[in-house]
Structures are given as structure tokens and as C-alpha cells.
Amino acid sequence: MSQEYSYHKPVLLSESIEGLDIKPEGTYVDVTFGGGGHSREILRHLGSSGRLFAFDQDADAISNTIDDERFTLIQQNFKYVKRYLKFYGITQVDGVLADFGVSSHQFDVPERGFSTRFEGKLDMRMNQQDSQSAQDVLNNYDETALTHIFSLYGELKNAKAMARAIVTARKERPIHTGAELQAIVSPFLPKMKELKTLAQLYQAIRIEVNQEMEALEVFLLQLPDIVREGGRISLISYHSLEDRLVKRFIRDGQLEGAPEKDFYGNISVPFKKVGGMITPSEDEIKENSRARSAKLRIGVRI
């Protein structure tokens, strides 16, 4: 792994950049900056008058900023993309890239609490200024709410049993660490699938802590306004809920219901899909196991 990708190894790097069909003098947005791998590659394709804006709400990512006069890093959640681009005088761009996964850095720092591999306090906040952490969710949500989260965001078959065990255990003492949580749910982990099930549980809690699905929905619905005709969107998702929203948005121009039709009954959508869903090669998965579940979808503004 090259030094510049030591913080976050970009997933589907060449495919996502190719999907943007970058114009050297164009304006682009990387709404999930992380370690800057995708941003650096976009800058390589830009000419002297091209511009790149990047977003990341994680303060740790800000230290990876790129010293390039064409580049601007904005420390905000990507759901505010339209507002902050307008602040910089940008109303439309030529392309938007997003990688909705948790960065390797976030997974690999024990005190962030994202990974099942490390012992530490359960945090999981992508924006460390947010008030709600994983501990708050586990100790304050009632059984019904926890069941809903585990089932919807983690697709856990035994969501109700896990939720009940957590609510019962926290009556004795609050849940603060990963080890405490794992001890509580251990009876409900299927044999030979313990790690996968734990990962699904952590994913569900993380999505709730960061309100990830709400942010994704708000972000997607801004894209028709900020991407100019002929511009591209290149979006990488990692679980079925995300991918379903992205697929539906590109296909229908909205997140639920039937696509809009014009006066003559013709379907009217802002984007047209470019190719089919793209997944990592076997070689990439061998090199970076976290890429296994990645799905890239590309759209062009029409």
C-alpha cells in the first residue's frame, strides 16, 4: 500500500473515478473525503482551472487535507452539500463522488468504538461533536426501538432477543464497552457466524448513532439541483439499505413511490444510469477485505 493511502485505502478507485468522466477544467465534489484517496485521484485528472470540494464531518480526516490551490475541504456532513457549495459561490458541479463506507482509520482506532476487534468504549460517532454515542443508544432506547434498529439496519433475525437481553442487562449496570455488549449478546450469536453477526449488530448501532440513512436521503435529493446537465454521480454503498436507495434514486429520481411523469405520461427522471452495478475484483478483495460488500452505481444528469 502506498504511503498516501495509508489512512484509507480507496475502494473501487479507478472504477469510481472513471465513472465521473472528469473534465480537466470542471468542478467536482468528493463528499466523503476520509483519507483523501479518491480526492487525490480526482485532482490528478483536473487541469489548472479545475476545482475540487471535499466534505467530511470527522475531525480526524481534516489532518489529511491536500495542499493544492484547486482543493477546498469542508468539515461538514454531506447532507449540507448544497448549502456549503452555495457559500463558496458554486451552484452546479460536473460530478459528485461518494464512498459511504466507514474509513479504515475509524475502524482501526480502538477508542472510536467502531470495530468488534478492539476493546474500548462504545462511541461510533463519525462527528465527535455529536451528542449521541453508541452508549446512549444502548442504554436509553427501549426494547421496541432497539429491535427495530437491529432488524432494519443490521438485518438480524434474532433482533428482538438481543434487544431484550440488552434492556435486561442494563438494569444491573449501564453498558459502556464492546466487551460488555458482546458478553450480553453472545448467547444469540450463531455458531460459525459469530463475527459476522456481531459486525451486523455494530453496523446497526452505528447507522442509528450517525443517522446515516436520513443523511443519505437528504443528500441524494439535492443531487438534481447541484449536478449540471451531462454531469456524473459515482456512488459507492456497502449494505443493502444504502444500495437500494441509490439504485431507486438513479432509476426513479426519488426514494419511494413511482417516478414522476410529464404532461404526456413520459417518465421524467433527473439521472440516467451508466452501465450496471460495479463490484470489486477478486484481486481487490484479496488486498482489501473491506471492499467485499462495495457496490458502485453511476448516473449521468439528463
Side-chain angles (χ1 to χ4, degrees), residues 12-33 38-55 68-74 76-100 215-237 242-278 295-302:
L12 290 166
L13 179 61
S14 61
E15 295 89 344
S16 59
I17 300 301
E18 183 179 333
L20 285 177
D21 191 25
I22 295 174
K23 300 172 183 176
E25 311 311 319
T27 299
Y28 292 85
V29 186
D30 175 359
V31 298
T32 50
F33 178 67
H38 286 109
S39 282
R40 288 185 175 87
E41 197 63 29
I42 292 171
L43 286 167
R44 288 193 183 97
H45 288 73
L46 289 179
S48 58
S49 62
R51 297 185 72 184
L52 173 62
F53 292 86
F55 286 73
D68 189 312
E69 61 183 10
R70 302 169 298 171
F71 177 76
T72 302
L73 179 56
I74 301 166
Q76 287 292 339
N77 189 304
F78 57 65
K79 68 182 179 182
Y80 301 118
V81 59
K82 183 178 177 180
R83 177 193 305 178
Y84 279 89
L85 287 177
K86 187 176 181 181
F87 175 80
Y88 284 94
I90 305 297
T91 55
Q92 289 193 309
V93 300
D94 297 286
V96 177
L97 181 144
D99 178 342
F100 301 119
L216 176 57
E217 291 177 1
V218 171
F219 163 71
L220 289 173
L221 292 174
Q222 294 175 74
L223 291 176
D225 292 334
I226 66 173
V227 180
R228 62 172 50 96
E229 185 177 330
R232 298 284 192 99
I233 54 175
S234 190
L235 310 176
I236 304 170
S237 56
E242 285 177 340
D243 182 57
R244 200 175 301 136
L245 276 179
V246 171
K247 178 182 179 180
R248 186 176 297 159
F249 173 74
I250 294 175
R251 183 189 67 201
D252 298 339
Q254 50 194 41
L255 305 177
E256 57 184 21
E260 293 183 4
K261 295 183 179 181
D262 63 19
F263 179 79
Y264 300 100
N266 300 311
I267 292 177
S268 177
V269 295
F271 290 91
K272 180 175 72 173
K273 74 173 182 176
V274 177
M277 181 183 73
I278 300 170
K295 298 177 178 66
L296 168 65
R297 296 186 186 273
I298 299 162
V300 60
R301 185 75 168 91
I302 54 179

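In this chain, residues are counted from 1 in sequence order.
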Participant: Would you name the heavy atoms of Ser234 and Ile298 that are closest together and state the gap between them?
Facilitator: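 For Ser234 and Ile298, the tightest heavy-atom pair comes out as OG-CG1, 4.1 Å.
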
Participant: So Val274 and Asp21, do their side chains get closer than 4.5 Å, heavy atoms only?
Facilitator: no

Participant: Taking the six-membered ring for Trp, are Phe71 and Phe33 closer than 6.0 Å centroid to centroid?
Facilitator: yes

Participant: Give, for atom CZ of Arg297 and atom NZ of Lys273, the distance between the pair rounded to the nearest 0.5 Å.
Facilitator: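 Going from the CZ atom of Arg297 to the NZ atom of Lys273 covers 7.5 Å.
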
Participant: Within a 6.0 Å radius of atom CD on Glu18, are there more than 12 heavy atoms belonging to other residues, nucleotides or ligands?
Facilitator: no

Participant: Distance check, rounded to the nearest 0.5 Å: Ser268 atom OG versus Glu260 atom CD?
Facilitator: 6.5 Å

Participant: Can you confirm whether or not the ring centre of Phe55 sits under 6.0 Å from the ring centre of Phe78?
Facilitator: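 So the answer is no for these two rings.
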
Participant: Can you spot which of Leu43, Val96, Leu52, Ile17 makes a side-chain contact (heavy atoms from CB on, under 4.5 Å) with Tyr28?
Facilitator: Leu52

Participant: Would Asp243 and Met277 count as a side-chain contact (heavy atoms from CB on, under 4.5 Å) here? Give the steps.
Facilitator: CA-CA 10 Å; Asp243 182 57; Met277 181 183 73; 4.2 Å; yes

Participant: How many angstroms lie between atom CG of Leu255 and atom CG of Leu221, to the nearest 0.5 angstrom?
Facilitator: 4.5 Å

Participant: Is the closest side-chain heavy-atom distance between Phe87 and Ile74 below 4.5 Å?
Facilitator: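 Side chain of Phe87 against side chain of Ile74, heavy atoms only: no contact under 4.5 Å found.
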
Participant: In terms of ring plane angle, is the pair Phe53 and Tyr88 parallel, tilted or perpendicular, where the classes change at 30° and 60°?
Facilitator: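 Phe53 and Tyr88: tilted rings.
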
Participant: Could you walk me through whether Ile236 and Ser16 satisfy the side-chain contact (heavy atoms from CB on, under 4.5 Å) test, starting with their C-alpha distance in whole Å, then the side-chain angles of each, then the deciding distance to 0.1 Å, before giving a yes or no?
Facilitator: CA-CA 8 Å; Ile236 304 170; Ser16 59; 4.0 Å; yes

Participant: Verify the neighbour count for atom CD of Gln92: are there more than 12 heavy atoms of other residues, nucleotides or ligands below 6.0 Å?
Facilitator: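 Yes - once you tally the heavy atoms of other residues, nucleotides and ligands closer than 6.0 Å, there are more than 12.
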
Participant: Would you give the length of the straight line joining atom OG1 of Thr27 to atom CZ of Arg228, rounded to the nearest 0.5 angstrom?
Facilitator: 6.0 Å

Participant: Verify side-chain contact (heavy atoms from CB on, under 4.5 Å) between Val29 and Ile226, making sure each step is shown before the conclusion.
Facilitator: CA-CA 10 Å; Val29 186; Ile226 66 173; 5.7 Å; no

Participant: Rounded at 0.5 Å granularity, tell me how far CG in Asp252 sits from CD1 in Ile267.
Facilitator: 7.5 Å

Participant: Measure the spacing between CG of Leu223 and NZ of Lys82 and express it to the nearest 0.5 Å.
Facilitator: 11.0 Å

